[in-house]
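What follows is a single structure, written as structure tokens, with notes after it.
Positions are given from 1 along the sequence.
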Amino acid sequence: LEGYVLKRWTTPRAKRQPRFSLAVLCDPDEKMKPSSPRTLKLLAEVGKTMGVEVELITKKEYPRLAEYDALFIRETTGLDHHTYRFAKKAEEEGMPVIDDTSSIMRCTNKVFLAELLKAKKIPMPRAVILNRENLGEAESQISYPIILKIPDGSFSRGIHKAENREELQRFSDELLRRSEVVLAQEFMYTEFDWRVGVLNGRPLFVSQYFMSRNHWQVVKHHADGRYDEGHFRTMAVEDAPASVINLGVRAARLMGDGLYGVDLKQTSKGVYVIEVNDNPNIDAGIEDHVLGDELYREIIREFERRLEGRPSINNGTALSRTEAQTMGGASPIIPAGAAAYWQR
């Protein structure tokens, strides 16, 4: 008793409050995830060292989305999908979101993407938009083999290579049952595809994705649902060919200021953009092979920058939701109008 009552008393250290909260939308059951659970755990750990609370959420948390300060979508996106609805709600709440609705609309439609790249004179394989009435145009403008894609395919799905007219007809019929139009594209075989990761108009990482063994794509899908992937090589941005980086950044900037993965092919005739992805893979040990934790810091810094750039509240400083909740609604130190700002 004497030892207890004579013990020196200290005030418990106050728990450090995060500067803002970042919701990361993911699907634990998705087969081909843009980021693995290990990667998202690493993102959360890096965020903690930066004073940022990173919380993984699923589509069930839609009603709670406004409780967070920013949204990072780490699911394969689509227009007729909850990822688009999450992005839309985040924008309505004034929350920074990657990927935003404009990026999802532009990148998930390969037909729109091909037309935009063509209009902006971005080098790309020859392409023709096909429907049930004009299949012959593919043969007249593109030599075999011909690549056929549905507008909203991802991870090498919804893509076929037609070696002759019979396969062109068969694959077109199959794809046109799923879509009103199909994109026919010139086939360019290379040992690997370049992938340039671009964040807010700046190159973030660059990787080489090699074709699967005995296959013409990076990902080879099997009928039973299994898939094989080729190996990779990630290098420092400054070590990659300038022509690849510059063209990748140029194409990404046409999509917006989000996070993009630009796929390119480098041939003896030059560098060509294949497509721009709005939800690029970021996985521990692959895309972060060179930058390590700094890649995740760059992503979090981009959210910080966007939060700091929001409309100010009276004294010129925008409070994060986390800060506002910590301070409490009745506190006299909350700038006037803060509650109305967050409600809006």
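Among residues two or more places apart in sequence or in another chain, the salt bridge (Lys or Arg N to Asp or Glu O under 4.0 Å) test is passed with E91 by none. Among residues two or more places apart in sequence or in another chain, the ring pair (Phe, Tyr, Trp, His ring centres under 6.0 Å) test is passed with F303 by F72. Residues passing the salt bridge (Lys or Arg N to Asp or Glu O under 4.0 Å) test with E304, sequence neighbours excluded: R19. For Y62, the ring pair (Phe, Tyr, Trp, His ring centres under 6.0 Å) partners are F86, not counting sequence neighbours. Residues forming a salt bridge (Lys or Arg N to Asp or Glu O under 4.0 Å) with D100 (at least two apart in sequence, or on another chain): none.
Residues L259 and V198 fail the side-chain proximity criterion, which asks for heavy atoms closer than 4.5 Å. Counting only heavy atoms from C-beta outward, the side chains of D283 and K33 never approach each other to under 4.5 Å. Proximity of V128 to Q185: side-chain heavy atoms (C-beta onward) are nowhere separated by under 4.5 Å. Looking at Q141 and E186, their side chains never come closer than 4.5 Å, going by heavy atoms from C-beta outward. Looking only at side-chain heavy atoms (C-beta outward), W194 and Q266 come within less than 4.5 Å of each other. Two residues are said to be in side-chain contact when any heavy atoms from C-beta on lie closer than 4.5 Å; V97 and K89 fail this criterion. Under the 4.5 Å side-chain criterion, counting only non-hydrogen atoms from C-beta, P123 is not in contact with V273.
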Verdict with supporting geometry, E302 and R306, salt bridge (charged side-chain N to carboxylate O under 4.0 Å, His left out):
CA-CA 6 Å; E302 177 61 22; R306 297 184 183 205; 2.7 Å; yes
Before giving the answer on side-chain hydrogen bond (donor to acceptor under 3.5 Å, both in side chains), spell out for E174 and H160 the whole-Å C-alpha distance, their side-chain angles and the decisive distance to 0.1 Å.
CA-CA 10 Å; E174 176 187 331; H160 294 288; 3.2 Å; yes
Quick one, Y84 with T77, criterion side-chain hydrogen bond (donor to acceptor under 3.5 Å, both in side chains). Give me CA distance, side-chain angles, the key distance, then yes/no.
CA-CA 7 Å; Y84 183 83; T77 54; over 6 Å; no
Could you check H81 against E75 for side-chain hydrogen bond (donor to acceptor under 3.5 Å, both in side chains), going step by step and ending with a plain yes or no?
CA-CA 10 Å; H81 195 253; E75 279 191 59; 4.6 Å; no
Kindly determine whether E67 and R64 satisfy salt bridge (charged side-chain N to carboxylate O under 4.0 Å, His left out), including the steps that lead there.
CA-CA 6 Å; E67 297 177 12; R64 295 181 49 232; 3.3 Å; yes
Pair R301, E294 - check salt bridge (charged side-chain N to carboxylate O under 4.0 Å, His left out), show working.
CA-CA 10 Å; R301 288 189 195 112; E294 185 61 24; 2.6 Å; yes
Given the rule in the side chain to side chain contact (heavy atoms under 4.5 Å, CB included) test, do L22 and D69 qualify, once you have shown the distances and angles that lead to the verdict?
CA-CA 6 Å; L22 174 64; D69 295 306; over 6 Å; no
List the steps, then state whether salt bridge (charged side-chain N to carboxylate O under 4.0 Å, His left out) holds for K59 with D27.
CA-CA 8 Å; K59 62 182 181 181; D27 179 3; over 6 Å; no
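Summarising the geometry, atom CG belonging to L40 is positioned 5.0 Å from atom OG belonging to S35; distances are rounded to the nearest 0.5 Å. Once rounded to the nearest 0.5 Å, the distance linking CG of L148 with CD of E167 reads 10.0 Å. The structure places CD of E163 at 10.0 Å from OH of Y144, a figure rounded to the nearest 0.5 Å. The CG atom of L291 sits 6.0 Å away from atom CG of L204, with the distance rounded to the nearest 0.5 Å. Put simply, OG1 on T108 and CG on N277 are 10.5 Å apart, with the number rounded to the nearest 0.5 Å. Note: D293 CG to R297 CZ = 5.0 Å, rounded to the nearest 0.5 Å.
Counting non-hydrogen atoms of neighbouring residues, nucleotides and ligands closer than 6.0 angstrom, the CZ atom of R165 reaches no more than 12 such neighbours.
When the side chains of ILVMFWY residues are joined at heavy-atom separations under 4.5 Å, either directly or via intervening members, I274 and L247 end up in two distinct hydrophobic clusters. The cluster map of Ile, Leu, Val, Met, Phe, Trp and Tyr, joined by side-chain heavy atoms under 4.5 Å apart, puts L113 and V111 in different clusters. No path of Ile, Leu, Val, Met, Phe, Trp and Tyr side chains, each step under 4.5 Å between heavy atoms, connects Y272 with V244, placing them in separate hydrophobic clusters. Note: the hydrophobic cluster containing M188 does not contain I122 (ILVMFWY, side chain heavy atoms under 4.5 Å, direct or indirect links). Linking ILVMFWY residues whenever their side-chain heavy atoms come closer than 4.5 Å, directly or via other members, leaves M105 and I129 in distinct clusters.
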With a cut-off of 3.5 Å and sequence neighbours excluded, list every side-chain donor-acceptor pair involving residues 234-242.
| from | atom 1 | to | atom 2 | distance (Å) |
| --- | --- | --- | --- | --- |
| T234 | OG1 | S207 | OG | 2.8 |
| T234 | OG1 | I286 | O | 2.8 |

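Scanning all heavy atoms of the two residues, the minimum distance from T76 to P34 falls at N-CG, 3.7 Å. Contact detail for A87 and L71: the closest heavy-atom pair is N-CD2, 4.3 Å. The two residues L130 and A138 come nearest to each other via the heavy atoms CD1-CB, 3.8 Å. A66 and M95 make their closest contact through CA-SD, 4.3 Å (heavy atoms, listed as atom of the first residue, atom of the second, distance). Taking both residues in full, the closest heavy atoms of I300 and G47 are given as CD1-CA, 3.4 Å, listed atom of the first, atom of the second, then distance.
A tilted orientation is assigned to the rings of Y189 and F187, their planes being inclined by 30° to 60°.
Paired with N279 under the rule side chain to side chain contact (heavy atoms under 4.5 Å, CB included), one option of I73, I104, I98 passes, and it is I73. Each of T39, T49, D288 was evaluated against Y296; a single residue qualifies, D288, per the side chain to side chain donor-acceptor pair (under 3.5 Å) test.
Of the possible donor and acceptor atoms, none in the side chain of K120 sits under 3.5 Å from a partner among the backbone N and O of L117. Remark: the backbone N or O of I57 is not paired with any side-chain donor or acceptor of E61 at under 3.5 angstrom. In this structure, the side chain of R106 engages the main chain of M255 through a donor-acceptor pair within 3.5 Å. One N or O on the side chain of R253 and one on the backbone of G201 form a donor-acceptor pair closer than 3.5 Å.
Between the side chains of K88 and T101, no donor-acceptor pair is found at a separation under 3.5 Å.
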